[in-house]
Amino acid sequence: MYGVHPPKKSDEVVAGGKTEVIRTYQTWKGSNIFFLGGRFIFGPDFKSVFLSMFLIIAPVAVFCAFVGRKLLDHFPHHLGILIMAILIAFTIYSVSLLVITSGRDPGIIPRNTHPPEPETMDQSLEIGSSQTPQLRLPRFKEVIVNGMTVKVKYCDTCMLYRPPRCSHCSICDNCVQRFDHHCPWVGQCIGLRNYRFFFMFVSSATLLCVYVFSFCWVYAIKIMKSEDVSIWKALIKTPASIVLIIYTFICVWFVGGLTVFHLYLISTNQSTYENFRYRYDRTENPYNRGVFENFKEVFWTRIPPSKNDFRAVVEREAEMLGRTPRGSFVNSNVEKTPSDVEMGNNRKPMERFDRRRSGSWDLASDVGSFGSGYGESNRIMGGSSGSLGGGALTSQNRQ
């Protein structure tokens, strides 16, 4: 397991100790924790996964020990065994989805090694001043998504412009594609590459609660009929059922509510971040394709491969670690704005973006890549050119 700065006992040192050959996950600048040599990536709060596992497995174990075991005697033809088998299989399924959601790259966009080259000079300095004019990056760029203007914001931490629907997670310290939220229960960001598994986990946990809740009542009813007592006296005879009924009833409001909420988000093609920040009920959502296409996008489209090879061997110069390369542009040269409001009027919902290329960031080609799922063309707006994109560059999206 490795955090941000893992030990490098096995690093290969060449060229007189100036260059170290190590793996990507060993030099990772985010707050993630890695397991099995970079094969699994978790958030910094990954320990909450074990709490979530306990909250799933513990009630199932109580059910099997005090309720399910008794149901074996009340259901003939091996139906009692089938009830237990379904419960155990469904529990394994839910826990597996939890691990997949938590240990998977959610769609992290690699950082740039340095910012894109600025193109505008700082005109605030007087002519003849001894100070060198500062080159500044514009804070925002604009693109067209399905005929609507969407702003592209520069990320100071990752030193790049964020691709569509991307945001920087302050907990994991990464820019994540189609950022939904950072879930403390799975200890990971929820984004483009694990949102499907997150929804499957939440919905399966809801069904698991309903399953346990239902069969606890079934067992109480069996006692009521066999002993000819009221339902309340029957429940007193099985205190484990009372505890499980109360527990699952409370939990189903949480996970069931999340399931219903995310069904709404999927049907309208929103993320949790967008729903709480941008309020598409006040303006048109540029990503909404209709209910069927929205569900198809989440469940029946191929999940893109990770943009990070965490086990790839990389080289770094030991003497340059923690230093800014001489002559490169630092984040302070980015044009500052008085506020961080990204939602405009006149059908201009703001979405957050990012992407890396070795060296500078090619906005035109990357917007075409990231925007290929939005159904129409994306167009770069503005008068810039070069590494930040041209004045009227277009890229055709996939229908």
Side-chain angles (χ1 to χ4, degrees), residues 42-43 45-71 74-75 80 83-102 171 180-190 194-224 229-267 270-273 275-276:
F42 294 87
D45 50 346
F46 76 99
K47 293 181 180 179
S48 61
V49 176
F50 299 105
L51 174 61
S52 299
M53 287 183 181
F54 175 80
L55 294 176
I56 295 172
I57 297 174
V60 170
V62 172
F63 179 89
C64 292
F66 298 101
V67 180
R69 185 168 56 88
K70 301 293 182 63
L71 289 175
H74 290 276
F75 286 92
I83 292 172
M84 294 276 284
I86 292 175
L87 177 65
I88 294 173
F90 212 65
T91 302
I92 295 174
Y93 173 72
S94 297
V95 172
S96 299
L97 288 172
L98 171 62
V99 174
I100 292 173
T101 303
S102 182
I171 299 175
D180 190 86
H181 68 289
H182 183 95
C183 181
W185 296 101
V186 302
Q188 179 65 284
C189 289
I190 306 302
N194 65 350
Y195 180 80
R196 178 186 303 176
F197 302 105
F198 170 77
F199 177 81
M200 293 169 65
F201 163 66
V202 173
S203 58
S204 66
T206 301
L207 295 177
L208 188 61
C209 287
V210 172
Y211 190 91
V212 173
F213 180 87
S214 301
F215 277 100
C216 284
W217 279 110
V218 168
Y219 179 52
I221 293 173
K222 287 287 185 180
I223 295 177
M224 180 186 71
V229 295
S230 66
I231 188 65
W232 307 114
K233 290 184 178 180
L235 284 173
I236 292 175
K237 293 180 177 293
T238 171
S241 294
I242 298 176
V243 173
L244 289 173
I245 287 172
I246 296 174
Y247 177 82
T248 53
F249 179 79
I250 295 173
C251 289
V252 80
W253 282 100
F254 174 69
V255 292
L258 275 178
T259 301
V260 173
F261 175 64
H262 281 280
L263 282 172
Y264 162 73
L265 293 180
I266 293 171
S267 65
Q270 300 182 61
S271 66
T272 301
Y273 180 82
N275 180 263
F276 280 92

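Bear in mind the structure is a predicted one, so any value in this text is a computation, not a measurement.
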Asn275 side chain reached by Phe261 side chain, heavy atoms, under 4.5 Å: yes
Contact summary for Thr101 and Leu97, nearest pair of heavy atoms: OG1-O, 2.7 Å
Test item: Ser52 side-chain N/O and Val186 main-chain N/O as donor-acceptor pair under 3.5 Å: no
Any residue meeting salt bridge (Lys or Arg N to Asp or Glu O under 4.0 Å) with Lys233, in chain and number order, not counting sequence neighbours: none
Closest non-hydrogen atom pair between Phe75 and Gly80, with its separation: CB-N, 3.6 Å
Check: Ala234 main-chain N/O paired with Thr238 side-chain donor or acceptor under 3.5 Å: no
Side chain to side chain, Val67 and Phe215, heavy atoms closer than 4.5 Å: no
Backbone of Gln270 reached by a side-chain donor or acceptor of Tyr264 within 3.5 Å: no
Side chain to side chain, Leu71 and Met84, heavy atoms closer than 4.5 Å: no
Name of the residue among Tyr273, Phe198, Phe276 meeting ring-ring contact (aromatic ring centres under 6.0 Å, His included) with His181: Phe198
Inter-residue atom distance Leu244.CG - Phe66.CZ, 0.5 Å rounding: 9.5 Å
Side chains of Leu208 and Leu87 in contact at under 4.5 Å (non-hydrogen atoms): yes
Side-chain heavy atoms of Tyr93 within contact of Met200, under 4.5 Å: yes
Distance, nearest 0.5 Å, that separates CZ of Phe249 from SG of Cys216: 14.0 Å
Residue pairs, two or more places apart or on separate chains, that pass side chain to side chain donor-acceptor pair (under 3.5 Å) and touch residues 194-205: Ser94-Ser204, Tyr195-His262
